[in-house]
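Take a look at the structure below.
Remember, predicted model here, so these are calculated numbers, not experimental data.
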Amino acid sequence: MCKLGDIIVIDKFKDEDGEIISKHSFVVVSDSKGCISGIKYDFVASILCSFHSKEHLKKKLRYKENFLIKEDLISGKKLNNKSGYIKADQLYYFDKKQINYKVIAHMEDELFDELIQLIIDLSKKDKLKNIETNLEKV
């Protein structure tokens, strides 16, 4: 069972274009059931990405939508021993019955609260992407 602030690895999922991607990390930003576009879901998550170089880090952090992961505020398994970021503007909707996942870590409340505040700010500016591609059978 995943809960708010959990970092999970999903075995395979569909990206926003419907392409199947294997083994990727997400942070759970909502664990409430709901309905979007007439389809039921039971949690919402944002995707985690790694930095490939110092230049990549500088480039990605220029965008307010990309939220820096502070490793010291993560408990559990470290994320591939790489620094990374969360694409806070991308909300993936999932049905747990349609995916395989495991919880690998948890964000401390301080870091999770910062992430949620950023998502709220992006929402107010109408900058969130709701990605529903995983509400169909993979």
Side-chain angles (χ1 to χ4, degrees):
M1 192 68 152
C2 59
K3 61 185 185 305
L4 291 178
D6 279 349
I7 296 173
I8 63 173
V9 174
I10 296 177
D11 284 344
K12 66 179 179 176
F13 74 100
K14 291 181 183 175
D15 68 10
E16 63 185 306
D17 298 320
E19 299 282 326
I20 295 177
I21 309 294
S22 62
K23 297 272 186 203
H24 209 88
S25 300
F26 288 81
V27 61
V28 177
V29 296
S30 173
D31 60 357
S32 299
K33 293 181 180 186
C35 201
I36 186 166
S37 300
I39 304 170
K40 292 180 182 180
Y41 65 87
D42 52 17
F43 79 97
V44 182
S46 290
I47 196 164
L48 279 74
C49 299
S50 298
F51 296 117
H52 307 293
S53 65
K54 288 182 182 180
E55 293 77 28
H56 188 237
L57 179 146
K58 288 177 188 176
K59 178 182 175 185
K60 291 299 181 180
L61 291 184
R62 280 187 227 152
Y63 300 98
K64 184 178 180 179
E65 298 86 0
N66 294 333
F67 180 79
L68 180 65
I69 297 170
K70 300 171 186 165
E71 289 287 333
D72 59 325
L73 295 176
I74 302 288
S75 57
K77 182 179 178 186
K78 295 301 175 194
L79 307 172
N80 302 326
N81 294 320
K82 293 182 181 179
S83 59
Y85 64 101
I86 298 166
K87 293 184 177 183
D89 63 330
Q90 297 181 13
L91 300 178
Y92 281 81
Y93 290 77
F94 292 101
D95 178 346
K96 292 176 194 161
K97 291 179 249 161
Q98 295 182 10
I99 60 167
N100 291 317
Y101 70 93
K102 67 178 176 179
V103 177
I104 61 167
H106 187 79
M107 296 176 80
E108 299 297 327
D109 290 344
E110 173 187 338
L111 186 61
F112 184 72
D113 290 346
E114 286 180 47
L115 173 61
I116 295 302
Q117 188 57 56
L118 175 56
I119 291 171
I120 291 168
D121 293 346
L122 293 169
S123 177
K124 288 178 182 175
K125 295 176 182 174
D126 200 27
K127 291 190 173 191
L128 292 180
K129 297 177 198 168
N130 293 318
I131 302 169
E132 306 165 23
T133 52
N134 294 284
L135 295 178
E136 307 166 346
K137 292 233 181 232
V138 177

* Close side-chain approach of I104 and I8, heavy atoms under 4.5 Å -> no

* To do: Any chance you could measure S123, atom OG, to D89, atom CG, to the nearest 0.5 Å?
  => 11.5 Å

* **Check: F94 ring centroid to Y101 ring centroid under 6.0 Å** => no

* Structure fact -> Between D6 and M1, the two heavy atoms sitting closest are OD2-O, 4.2 Å

* How about I7 and H106: do any of their side-chain heavy atoms sit closer than 4.5 Å? -> no

* Asked: How far does CZ of F67 sit from CG of L118, to the nearest 0.5 angstrom?
  -> 7.0 Å

* Can you check whether K59 reaches L57 side chain to side chain, under 4.5 Å on heavy atoms? -> no

* Asked: If you look at every heavy atom in Y41 and S32, which pair is closest and at what distance?
  -> CE1-O, 3.6 Å

* Check whether any side-chain heavy atom of K129 lies under 4.5 Å from a side-chain heavy atom of L91, and answer yes or no. => no

* Give the C-alpha distance, both sets of side-chain angles, the deciding distance and a yes or no for side chain to side chain contact (heavy atoms under 4.5 Å, CB included) between Y92 and N134. => CA-CA 8 Å; Y92 281 81; N134 294 284; 3.6 Å; yes

* To do: Determine the minimum heavy-atom distance between L115 and A88, stating which atoms define it.
  => CD1-CB, 3.9 Å

* Between K40 and D95, is there a side-chain N and carboxylate O pair less than 4.0 Å apart? -> no

* Asked: Does any non-hydrogen side-chain atom of I131 lie less than 4.5 Å from one of F13?
  -> no

* Going by heavy atoms in the side chains, are I119 and Q117 under 4.5 Å from each other? -> no

* Asked: Could you walk me through whether I10 and N100 pass the side chain to side chain contact (heavy atoms under 4.5 Å, CB included) check?
  -> CA-CA 6 Å; I10 296 177; N100 291 317; over 6 Å; no

* **Any donor-acceptor pair under 3.5 Å from T133 side chain to D15 backbone** => yes

* Give the intermediate values and the outcome of side chain to side chain contact (heavy atoms under 4.5 Å, CB included) for residues C49 and K60. => CA-CA 10 Å; C49 299; K60 291 299 181 180; over 6 Å; no

* **Straight-line distance of D11 CG to K102 NZ, nearest 0.5 Å** => 8.0 Å

* I would like to know whether F112 and V28 meet side chain to side chain contact (heavy atoms under 4.5 Å, CB included); could you show each step before the answer? => CA-CA 10 Å; F112 184 72; V28 177; over 6 Å; no

* If you look at every heavy atom in K87 and N66, which pair is closest and at what distance? -> CG-OD1, 3.9 Å

* Asked: Does NZ in K127 sit with more than 12 non-hydrogen atoms of other residues, nucleotides or ligands closer than 6.0 Å?
  -> no

* Structure fact -> Shortest non-hydrogen pair, V27 vs L48, comes out as N-CD1, 3.2 Å

* Asked: Do Y93 and N130 get their side chains close enough for a donor-acceptor pair, meaning under 3.5 Å?
  -> yes

* N-O pairing of K70 and E108 below 4.0 Å -> no

* Distance from Q90 atom CD to L128 atom CG, nearest 0.5 Å? -> 10.0 Å

* **4.5 Å side-chain heavy-atom contact, K64 and K125** => yes

* Structure fact -> Rounded to the nearest 0.5 Å, the NZ atom of K14 sits from the CG atom of L135 at a distance of 10.0 Å

* Would a hydrophobic clustering, with Ile, Leu, Val, Met, Phe, Trp and Tyr connected at side-chain separations under 4.5 Å, put F51 with Y63? -> no

* **Pairwise side-chain contact, H24 with I47, heavy-atom cut-off 4.5 Å (strictly under)** => yes

* Which heavy atom in V29 sits nearest to a heavy atom in L4, and how many Å separate them? -> O-CD2, 3.3 Å

* Structure fact -> Rounded to the nearest 0.5 angstrom, the CD1-CD distance for I39 and E132 is 6.0 Å

